[in-house]
Amino acid sequence: MVQIIAGRKGKGKTKHLLDMANTAIKAATGSIVYLDKSSKHMYELSNKIRLINVKEYPITTSEGFIGFVCGIISQDHDIETMFLDSFLKLASLEGEDISDTIATLEKISDKYSVNFVLSVSLDAAEMPENVQKDVVISL
């Protein structure tokens, strides 16, 4: 399952994402991973959540990002949920169509039973129609 927290920059998406991650780890029987563009939120996350600073790796395309996500999943078969903060930046999709990448994440989710929760710096109305069904919070 792919869930999206949508809203313009500065609307509080990261706060919602951090709260969701910290709540999820309390009931989790597997691993929780939080991907971010820095390590800034390290102390706001439970120490049971693995924080990965994606900007430490040479990812320059959305295909490279999907490969990165698959690599993480292949190393830990117990991953339940991946939280992706600043999704457009992480996946190199700023100003691009996100439909194909979201569809790929949905396929990965179905195949490996990993849930994805993304913060996307767009208003829900600006997203492609096939992606709007995944919006759970619109700020």
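Each residue takes its place number in the sequence, starting with 1.
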J.: Output the distance between atom CG (Leu18) and atom NE2 (His16), rounded to the nearest 0.5 Å.
T.: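 Separation between the atoms: 11.0 Å.
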J.: For the side chain to side chain contact (heavy atoms under 4.5 Å, CB included) test, which of Ile102, Ile5, Leu88, Val136 pairs with Leu118?
T.: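 Result: among Ile102, Ile5, Leu88, Val136, Ile102 is the only option passing the side chain to side chain contact (heavy atoms under 4.5 Å, CB included) with Leu118.
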J.: Looking at side-chain heavy atoms only, is the closest gap between His41 and Leu51 below 4.5 Å?
T.: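 Answer no - side chains too far apart.
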J.: Within the structure provided, determine whether Ile66 and Thr61 are in side-chain contact (heavy-atom separation under 4.5 Å).
T.: no
J.: Do you reckon Val33 sits in the same ILVMFWY cluster as Ile59, going by side-chain contacts under 4.5 Å, direct or chained?
T.: yes
J.: Calculate, to the nearest 0.5 Å, the distance between atoms OG and CE belonging to Ser119 and Met20 respectively.
T.: 11.0 Å
J.: Do the side chains of Met127 and Ile4 get nearer than 4.5 Å, heavy atoms only?
T.: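 Yes, close enough: below the 4.5 Å cut-off.
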J.: Treating Asp123 as the side-chain partner and Ala125 as the backbone partner, does any N or O pair qualify as donor plus acceptor under 3.5 Å?
T.: no
J.: Honestly curious: do Ile49 and Val114 fall in one hydrophobic cluster under the side-chain, below-4.5 Å linking rule?
T.: no
J.: Is there a side chain to side chain donor-acceptor pair (under 3.5 Å) between Ser46 and Asn22 once you walk through the steps?
T.: CA-CA 6 Å; Ser46 166; Asn22 285 325; 4.9 Å; no
J.: State yes or no: do Ile32 and Ile72 share one hydrophobic cluster built from I, L, V, M, F, W and Y residues joined by side-chain heavy-atom distances below 4.5 Å, directly or via other members?
T.: no
J.: OG of Ser38 to CD of Glu56: how many Å apart, nearest 0.5 Å?
T.: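 Rounded to the nearest 0.5 Å, the OG-CD separation comes to 9.5 Å.
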J.: Could you check whether any side-chain N or O of Thr104 sits under 3.5 Å from a backbone N or O of Asp100, counting only pairs where one atom can act as donor and the other as acceptor?
T.: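 Yes, the answer is positive, given that a donor and an acceptor are paired below the 3.5 Å cut-off.
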J.: Is the CG atom of Asn115 crowded by more than 12 outside heavy atoms at less than 6.0 Å?
T.: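 Above 12, so yes.
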J.: Just so I know, are the side chains of Leu90 and Lys37 near enough to count as touching, which here means a heavy-atom distance under 4.5 Å?
T.: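 A side-chain contact under 4.5 Å exists here.
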J.: Heavy-atom distance under 4.5 Å between the side chains of Val69 and Phe116, does that happen here?
T.: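 Yes - at least one pair of side-chain heavy atoms lies under 4.5 Å apart.
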J.: Examine Leu17 and Val120 and state if one hydrophobic cluster contains both, with Ile, Leu, Val, Met, Phe, Trp and Tyr joined whenever side-chain heavy atoms are less than 4.5 Å apart.
T.: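 Each belongs to a different hydrophobic cluster.
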J.: Mind checking whether Leu84 and Tyr57 sit in one hydrophobic cluster, side chains of I, L, V, M, F, W, Y counted as touching below 4.5 Å?
T.: yes
J.: Any side-chain heavy atom of Ile73 within less than 4.5 Å of one from Met82?
T.: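 Side chain of Ile73 against side chain of Met82, heavy atoms only: contact under 4.5 Å found.
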J.: Between Phe83 and Leu45, does the side-chain contact (heavy atoms from CB on, under 4.5 Å) criterion hold? Intermediate values first, please.
T.: CA-CA 11 Å; Phe83 292 89; Leu45 283 171; over 6 Å; no
J.: I want to check something: taking the side chain as every heavy atom from C-beta on, are Glu106 and Asp134 in contact at a cut-off of under 4.5 Å?
T.: yes
J.: Decide yes or no for Ser31 and Arg50: does some side-chain heavy atom of the first lie under 4.5 Å from some side-chain heavy atom of the second?
T.: no
J.: NZ of Lys133: more than 12 outside heavy atoms within 6.0 angstrom?
T.: yes
J.: side-chain contact (heavy atoms from CB on, under 4.5 Å) between Glu126 and Arg8: does it pass, once the steps are laid out?
T.: CA-CA 10 Å; Glu126 294 177 305; Arg8 286 270 166 217; 2.5 Å; yes
J.: Taking side chain to side chain contact (heavy atoms under 4.5 Å, CB included) as the criterion, tell me which of Asp85, Asp19, Asp36 meets it with Thr14.
T.: Asp85
